[in-house]
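What follows is one structure encoded as structure tokens, with my remarks underneath.
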There are 2 protein chains.
Amino acid sequence: MSVKKKIVRIKDIAERAQTSKGTVDRVLHNRGRVADDVRERILAIIKELNYEPNLIAQSLKSQRAFNLAALVPDPDLDSYWEAPRNGLEKAEKELRQYGVHVTKFIFNSHEEGSFIAKAREVTREHPDGLLIAPIFYKEALPFFKEWTEMGIPYVLFNTQIEHVGPLCYIGQDSYRSGCLAAKILRFGLHTPGTVLVAHVNEDISNSAHLITKEEGFRDYFKGENLADTFKVISSEINFPDEEGPDRQLDEIRKKNPDLNAIYVTNSKAFEVAAYLEKNGLTDIKLIGYDLVEHNQEYLKKDVIHFLINQNPLGQGYWGIHQLANHLIFKKEIQPIKFLPLDIITKENLDYYLDPQ
Amino acid sequence: MSVKKKIVRIKDIAERAQTSKGTVDRVLHNRGRVADDVRERILAIIKELNYEPNLIAQSLKSQRAFNLAALVPDPDLDSYWEAPRNGLEKAEKELRQYGVHVTKFIFNSHEEGSFIAKAREVTREHPDGLLIAPIFYKEALPFFKEWTEMGIPYVLFNTQIEHVGPLCYIGQDSYRSGCLAAKILRFGLHTPGTVLVAHVNEDISNSAHLITKEEGFRDYFKGENLADTFKVISSEINFPDEEGPDRQLDEIRKKNPDLNAIYVTNSKAFEVAAYLEKNGLTDIKLIGYDLVEHNQEYLKKDVIHFLINQNPLGQGYWGIHQLANHLIFKKEIQPIKFLPLDIITKENLDYYLDPQ
DNA sequence: TTTAAAAAAGTGTTCGAGCACGCAATGGGA
DNA sequence: TCCCATTGCGTGCTCGAACACTTTTTTAAA
């Protein structure tokens, strides 16, 4: 017997309280102008009937526009940023019904000045909410203060920054991420040797999360009596576009002939993979991050053995959704939303490329 | 300059076509009684303006109730089925606004008769849609025919059955799943030896997907010149609750002293793990499926090295959503929705336990 | 040409919540 | 007593789509 569930409406409450829906409405929204005894009676009935507003009718009526801003690096300069853009566009599409519109402010991920200029633009725009990839730590700080004062909620993603009062952070637990990388490499290491942590083409001073990854990685190899078997070294490998990492890697291999695994802490594993392939180094295990096209190629060729997916698409997607949850649906927001550490191989790659 | 994005309404289309919203409505719903030339004009305008109906207004108006049924095994008898239940309850909660209500029909996963009885109940109830875990292949077939005739769309999950005309299947690609398990084990295997595929406490005759997993697993070890290095054997290991798999596993080890890896094709890896732990067999690699509690324990103790998550929660969740997409939102449904093959270790387990 | 039937097109109400508006009752000051 | 401000409360329109209902136009038969 499937009985149709009764929905409690404002009108029902009004009838029961022998008053009108206008009055109930005023009580619900604390708009005042209601006699105390009537308010008490209405509140009691609301509780008794367990009234829950019909979100559908609610959002149909309100129809207000929510202008969100997204401050993200240019995907044309670093293809890693394509995914967050797709994610936020997907969320925007879903939420357009609710009046959400996202304006993108694209900056050059290699120039602090460009970031500052775009951040200023955001301030001028005065959006209802902001999604930001704060890859320039120092430069971003004063803006956080400003936006907080202006009452603009902002969601951080990709790079975790503590104590700046964002609505929430979306991304990975960098420390755990390092542990996981270590665990996987260790599972595939058959002989004692040296393991390299490589920070490729990234300014470490602005990227605390890469350091955190290294910590997690090193701590794993410190535990479980692995310290005697494996030596962990780390290196910043920077080079201009035309060159490759060849010179630096040659040097490292000369110093450590027993090098048998490399952990690349960002999406640039393909640079190392190209080097390994060129030199026929098939017995060095390689693990890196993110499903950018070049990484996928080498993953399919088994030059890169595993990739950890930071789910950049999900970061963009959930970032916009968190803002919507806060602004539109008035939901409580968890200050940290860690996304899963997805382990990717040739065999399960497909499922992580285009979500549903 | 943030211009408010114009939303295209039926009325807008009507105005542009110099007709009334009633006519546009008839065109949109193929209700006929519209002159051909007018219909053409309206369709052109709909395309041009890229009209998308406002789902909010739509569902506010219709307010009809959708009674869905879920035919699933009892979680109290096999805790694996807790997750699908949670998933479908989560989906139900999200969709309650749209009038969705899910009635659960719980059967005993060890008794065909119980399945048949509950399936009959479903038929009697005549729901608007059905989500079903068809673990009893032979017994389910006649019901599929019946439900098709009654016009009840049904979504299969967990077990893929071909050619019965479901709305869609939700679950994993079993073949790929086997390949992946092989790939991971092989990555950790340092010495030649024997690899066991174990079907634990499951009636193979009713579980084609376990066979498919084994195929994928074997094919991986056939490729890449691994056939000389590793021997793959398989075995059905069945035992009553009080006993363990000890006798059978002892025997297998006696015949294959070089056994160095075991692949359990269902969620019962913990049974094998208990055996390995008891006998101190720390150098046998073990991989299995699903995050049931016992598996988690042994994963944390590193007795189980990896688990592949079949995302049973997601299966329940998406199953209900697919029905809703079909019934309420009239979306085109892909006949197969493969869920990702998530690789789980101790380090990333947390992120897969409670979704978002 | 008239007329009825059929086809085509237009109008108006409904869903539940939000909010503007307006009316009635009360109170205080002159 | 009159006037106006304040408080309390009710009415009615709106959002966009769905659909029942009415009105207009066309077509075919007499």
Side-chain angles (χ1 to χ4, degrees), chain A residues 4-43 45-46 49-66 95-100 327-330, chain B residues 4-43 45-46 49-66 96-100 327-331:
Chain A
K4 203 166 183 173
K5 195 121 174 226
K6 234 336 192 341
I7 283 180
V8 182
R9 309 170 330 240
I10 286 188
K11 209 179 142 194
D12 299 322
I13 297 169
E15 273 169 20
R16 214 149 197 276
Q18 308 198 67
T19 174
S20 71
K21 66 197 187 83
T23 306
V24 176
D25 183 76
R26 274 182 287 269
V27 171
L28 280 169
H29 296 83
N30 289 315
R31 263 196 267 280
R33 313 210 143 214
V34 177
D36 284 351
D37 60 327
V38 179
R39 198 193 28 256
E40 292 307 318
R41 201 168 65 222
I42 290 176
L43 283 174
I45 292 173
I46 286 173
L49 297 186
N50 197 14
Y51 168 77
E52 281 183 26
N54 183 328
L55 290 180
I56 296 174
Q58 214 164 36
S59 59
L60 173 63
K61 184 58 184 72
S62 57
Q63 288 292 34
R64 78 159 274 211
F66 293 92
L95 294 166
R96 213 180 35 205
Q97 300 274 357
Y98 296 92
V100 169
L327 292 167
I328 306 181
F329 306 116
K330 314 282 182 207
Chain B
K4 200 167 185 175
K5 194 107 171 246
K6 242 313 191 4
I7 283 180
V8 183
R9 311 172 329 248
I10 286 187
K11 209 178 142 196
D12 300 320
I13 297 168
E15 273 168 21
R16 213 146 195 278
Q18 306 199 67
T19 175
S20 71
K21 65 199 186 82
T23 305
V24 175
D25 182 74
R26 274 182 288 267
V27 171
L28 280 169
H29 296 84
N30 288 316
R31 262 196 268 280
R33 316 215 141 208
V34 177
D36 284 354
D37 60 325
V38 177
R39 203 202 11 265
E40 293 307 316
R41 202 169 65 221
I42 290 176
L43 284 174
I45 292 173
I46 285 173
L49 297 186
N50 196 13
Y51 169 76
E52 282 182 24
N54 184 327
L55 292 180
I56 298 172
Q58 216 164 35
S59 61
L60 173 62
K61 182 58 185 69
S62 55
Q63 287 290 32
R64 78 160 274 210
F66 294 92
R96 215 182 32 211
Q97 297 277 353
Y98 296 93
V100 169
L327 292 166
I328 307 180
F329 306 119
K330 313 284 182 205
K331 281 195 197 157

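Quick note on labels: first sequence line is chain A, next is B, and so on, each numbered from 1.
In terms of heavy atoms, B:R31 sits closest to B:D25 at NH2-OD2, 2.9 Å. The two residues A:A14 and A:S20 come nearest to each other via the heavy atoms CB-C, 3.5 Å. Contact detail for A:V34 and A:R39: the closest heavy-atom pair is CG1-N, 3.9 Å. When every heavy atom of A:R41 is checked against every heavy atom of A:Q18, the shortest pair comes out as NH2-O, 4.4 Å. Closest of all the heavy-atom pairs between A:I328 and A:F66 is CG1-CE1, 3.5 Å.
Taking a 4.0 Å limit (strictly below) on heavy-atom distances, residues 16-26 of chain B reaches DNA chain C at B:T19, B:S20, B:K21, B:G22, B:T23, B:R26.
Atom pair B:N54:CG and D:dT14:C1' shows a separation of 14 Å (rounding to whole Å applied). Counting to the nearest Å, the P atom of C:dT11 and the CD1 atom of B:I10 are 15 Å from each other. Nucleotide C:dT11 holds its P atom 12 Å from the NZ atom of B:K11, rounded to whole Å. Atom C1' of nucleotide C:dA9 and atom CZ of B:R41 are separated by 12 Å, given to the nearest angstrom. Taking atom CG of residue B:L55 and atom P of nucleotide D:dA17, one finds them 10 Å apart after rounding to whole Å. Rounded to an integer number of Å, the gap from A:L28 CG to C:dC19 C1' is 13 Å. Straight-line distance from the CD atom of A:E52 to the P atom of C:dG16: 15 Å, rounded to whole Å. Between B:D36 atom CG and C:dA7 atom C1' the separation is 12 Å, expressed in whole Å.
In terms of phosphate contacts, A:Y51 brings no side-chain nitrogen or oxygen within less than 4.0 Å of OP1 or OP2 of C:dG16. Distances shorter than 4.0 Å separate some side-chain N or O of A:Q58 from OP1 or OP2 on C:dG18. Residue B:H29 places at least one side-chain N or O under 4.0 Å from the OP1 or OP2 atom of D:dA18.
Tested against A:I10 for a side-chain contact (heavy atoms from CB on, under 4.5 Å), the candidates A:T23, A:N54, A:V24 yield a single pass: A:V24.
With distances taken from any side-chain atom of A:K61 to the nucleotides D:dT7, D:dG16, D:dC15, the minimum falls on D:dC15. Of the candidates D:dA18, C:dC19, C:dA8, the closest approach to any side-chain atom of B:R31 belongs to D:dA18. Which of C:dG18, D:dC9, D:dG16 sits closest to the side chain of B:A57 comes down to D:dG16.
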After noting the C-alpha distance and the side-chain angles of A:V27 and A:L43, does the key distance pass the side chain to side chain contact (heavy atoms under 4.5 Å, CB included) rule? CA-CA 8 Å; A:V27 171; A:L43 283 174; 3.8 Å; yes

Let me see the working for B:D37 and B:E40 under side chain to side chain contact (heavy atoms under 4.5 Å, CB included), right down to the final yes or no. CA-CA 5 Å; B:D37 60 325; B:E40 293 307 316; 5.7 Å; no

With side chain to side chain contact (heavy atoms under 4.5 Å, CB included) as the criterion, how do A:I45 and A:Y51 come out once you've worked through the C-alpha distance, each side chain's angles and the decisive distance to 0.1 Å? CA-CA 8 Å; A:I45 292 173; A:Y51 168 77; over 6 Å; no

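End-to-end axis angle for the helix from C:dT1-D:dA30 to C:dA30-D:dT1, using five pairs per end and rounding to 10°, comes out at 70°.
Residue contacts for A:R9: at a heavy-atom cut-off of 4.0 Å it reaches the sugar-phosphate backbone alone, with no base atom in range. As judged by a 4.0 angstrom heavy-atom cut-off over every strand, B:L60 is placed among the base-contacting residues.
Using a 4.5 Å cut-off on side-chain heavy atoms (C-beta onward), B:I46 and B:L28 make contact.
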